[in-house]
Number of protein chains: 2
Amino acid sequence: MQDHSSPADAEIALPRLLGALSDPTRLGIVRVLADGAERGWGQLRAPVAKSTLSHHLKTLREAGVTRTRQEGTRCYVSLRREALDARFPGLLAALLAAAVADNVGEHVGEDPPAL
Amino acid sequence: MQDHSSPADAEIALPRLLGALSDPTRLGIVRVLADGAERGWGQLRAPVAKSTLSHHLKTLREAGVTRTRQEGTRCYVSLRREALDARFPGLLAALLAAAVADNVGEHVGEDPPAL
DNA sequence: TTTCATGTACGACGAACATCGAACACTGCT
DNA sequence: AGCAGTGTTCGATGTTCGTCGTACATGAAA
C-alpha cells in the first residue's frame with residue numbers, strides 16, 4: 001500500500017486528464033468529490049469490483065485529478081481543485097457542469113460519512 | 001465517400017467527447033479549427049498516414065466535435081462550436097485555452113488556403 | 001499472535017484504439 | 001472512356017483499457 005504519488009502541479013498533462021475523465025465511472029467519482037471534501041474510499045459506491053475501483057482511483061491520481069492520502073489502513077481521496085484551476089482555468093468547472101447536464105456518472109454515489 | 005453523419009446536437013455525449021479529445025493529434029486538429037473557419041482536409045497537416053487522419057476526423061465527427069461537408073471530391077471540416085457551447089457552456093473555450101497552455105497538438109498545422 | 005479490514009498487485013480476458021499500407025470508390029477533368 | 005485526385009474501408013499489428021478474481025501486504029483490534 002504505497003506509491004500514492006501524483007504528478008506535480010505543472011506536470012498535469014491535458015490529454016491524460018481528458019482520457020481519465022472519459023470514463024463514466026471516473027466522472028462520477030469526480031462529481032462526488034466536487035464539493036471539495038475528502039472521502040474515504042470505502043465510502044465511494046460504484047457498481048464495480050473493488051479492484052476495478054482501485055484501478056479507477058489510480059488512473060485519476062496518476063492523471064493529476066485527485067490526491068490520495070493514507071491514514072492507517074484507509075485511504076482518503078480528494079479533488080486537486082487548486083492545481084487544476086491554476087493550470088487550466090475554468091476547465092474543471094465547465095467539466096463538472098457538463099457532467100451534470102449530461103447526467104454522467106449518476107451511478108456513482110457515496111455512503112454517509114463514517115460514524 | 002459517404003456517411004458523414006454526426007450525432008444530433010442533443011446527443012453529444014460527454015465521455016465520448018472527452019475520449020475524442022484525449023488524443024494529442026485530435027486536439028491539434030481542434031486547435032487549428034478553433035477560429036471557426038472551415039478547412040479542406042488536404043489543408044490539414046499532421047504527421048500521420050492519410051488513413052489515420054481519416055480515422056481521427058471520423059472520431060471527432062462521431063463524437064460531435066466537428067462537422068464534415070462534402071463538395072465534389074473534397075471534404076471540408078469545421079468545429080461545431082454552437083452545438084458544443086449550447087450543450088456544455090464554457091467547456092470548449094476552457095478546453096482550447098488548456099490545450100494552448102499545455103502546448104498540446106502543436107504538431108498539427110495547416111497549409112495556406114487553396115488559391 | 002491471530003484475525004479482520006482495507007487497499008494494492010498480478011494475471012487474464014475481451015474490447016477498443018492508433019497506426020500503417022494497400023485496395024477500393026467516387027468525382028471531375030480531359 | 002480513361003485517368004488523376006481525394007477520401008474511405010479493410011486487414012494486420014501492437015498497445016491500452018475496463019473488468020474481474022485471486023492473492024498479497026499492511027495496520028489495527030482481539
Side-chain angles (χ1 to χ4, degrees), chain A residues 1-6 13 15-29 38-63 65-78 104-105 107-108 110-111 113-115, chain B residues 1-6 13 15-29 38-63 65-78 104-105 107-108 111 114-115:
Chain A
M1 230 188 293
Q2 67 281 50
D3 195 23
H4 279 172
S5 57
S6 312
R16 187 160 204 180
L17 195 166
L18 297 179
L21 262 19
S22 68
D23 180 276
T25 297
R26 289 194 291 257
L27 225 22
I29 294 172
E38 191 178 59
R39 305 289 197 292
W41 71 61
Q43 206 176 141
L44 259 18
R45 301 242 291 158
V48 295
K50 196 172 44 157
S51 57
T52 302
L53 183 61
S54 184
H55 163 70
H56 283 316
L57 260 345
K58 180 179 176 186
T59 300
L60 286 171
R61 186 193 340 127
E62 291 184 339
V65 180
T66 61
R67 170 194 317 120
T68 288
R69 180 174 69 84
Q70 189 172 352
E71 185 184 303
T73 83
R74 23 197 120 151
C75 294
Y76 295 89
V77 66
S78 56
V104 177
H107 53 94
V108 179
E110 59 175 323
D111 284 336
L115 320 186
Chain B
M1 229 187 293
Q2 68 280 46
D3 196 21
H4 279 171
S5 56
S6 312
R16 187 161 204 180
L17 196 167
L18 297 179
L21 262 19
S22 69
D23 181 277
T25 297
R26 288 194 292 256
L27 225 22
I29 294 172
E38 192 178 57
R39 304 290 196 292
W41 69 60
Q43 205 176 143
L44 259 18
R45 301 242 290 159
V48 296
K50 195 173 46 158
S51 55
T52 303
L53 183 61
S54 183
H55 163 69
H56 283 316
L57 261 345
K58 180 180 177 185
T59 301
L60 286 172
R61 187 194 335 130
E62 291 184 338
V65 181
T66 61
R67 170 194 316 121
T68 289
R69 180 174 68 85
Q70 189 172 352
E71 185 183 303
T73 81
R74 22 197 121 154
C75 293
Y76 294 89
V77 66
S78 55
V104 176
H107 54 93
V108 179
D111 284 337
L115 320 186

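Chain A is the first sequence line, chain B the second, and so forth, proteins listed ahead of strands; every chain is numbered from 1.
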Nucleotide C/dT8, atom P - distance to CG of A/L60 in whole Å: 12 Å
Side chain of A/R61 - closest among C/dT8, D/dT9, C/dG28: C/dT8
Residues, nucleotides or ligands: over 12 heavy atoms within 6.0 Å of B/R45 CZ: no
Value in whole Å for how far the P atom of C/dT6 lies from CZ of A/R74: 6 Å
Separation of D/dT6 C1' from B/Y76 OH (nearest whole Å): 11 Å
Atom pair distance, as rounded to whole Å: CD1 in B/I29 and P in D/dG7: 13 Å
Over 12 non-hydrogen atoms of neighbours within 6.0 angstrom of CZ in B/R69: yes
Separation of atom CD in A/Q43 from atom C1' in C/dT6, rounded to whole Å: 14 Å
Nearest-0.5 Å distance, OG of residue B/S51 to NE2 of residue B/H56: 9.5 Å
Closest listed nucleotide, where the reference is the side chain of A/V48 and the choices are D/dT19, C/dC20, D/dG7: D/dT19
Among D/dT9, D/dA28, C/dA9, the nucleotide that comes nearest once only the side chain of A/K58 is considered: C/dA9
Test log, rule side-chain contact (heavy atoms from CB on, under 4.5 Å), inputs A/V77 and A/L44: CA-CA 10 Å; A/V77 66; A/L44 259 18; 4.1 Å; yes
Least distance between heavy atoms, A/S78 atom then A/E38 atom: CB-CA, 4.0 Å
Length of the CZ-P vector between A/R45 and C/dT6, whole Å: 14 Å
B/A49 side-chain proximity, nearest of C/dG21, C/dT27, D/dT19: C/dG21
Side-chain N,O (A/H56) to OP1/OP2 (D/dT19) below 4.0 Å: yes
Contact letters for nucleotides 10-17 of chain C, in which S counts primed atoms plus P, OP1 and OP2 and B counts the base, heavy atoms under 4.0 Å: --------
Whole angstrom value for the distance that separates P of D/dT8 from CG of B/L57: 7 Å
Within-4.5 Å side-chain heavy-atom neighbours: B/T68 and B/W41: yes
Euclidean distance, atom CG of residue A/L21 to atom P of D/dG18 [Å, nearest integer]: 12 Å
Approximate separation, where rounding is to 0.5 Å, of B/T59 OG1 and B/D23 CG: 8.5 Å
Candidate nucleotides C/dT6, D/dT9, C/dT19, ranked by approach to the side chain of B/T52 - the nearest: C/dT19
Nearest-neighbour nucleotide for the A/K50 side chain, D/dG5, C/dG7, D/dG27 considered: C/dG7
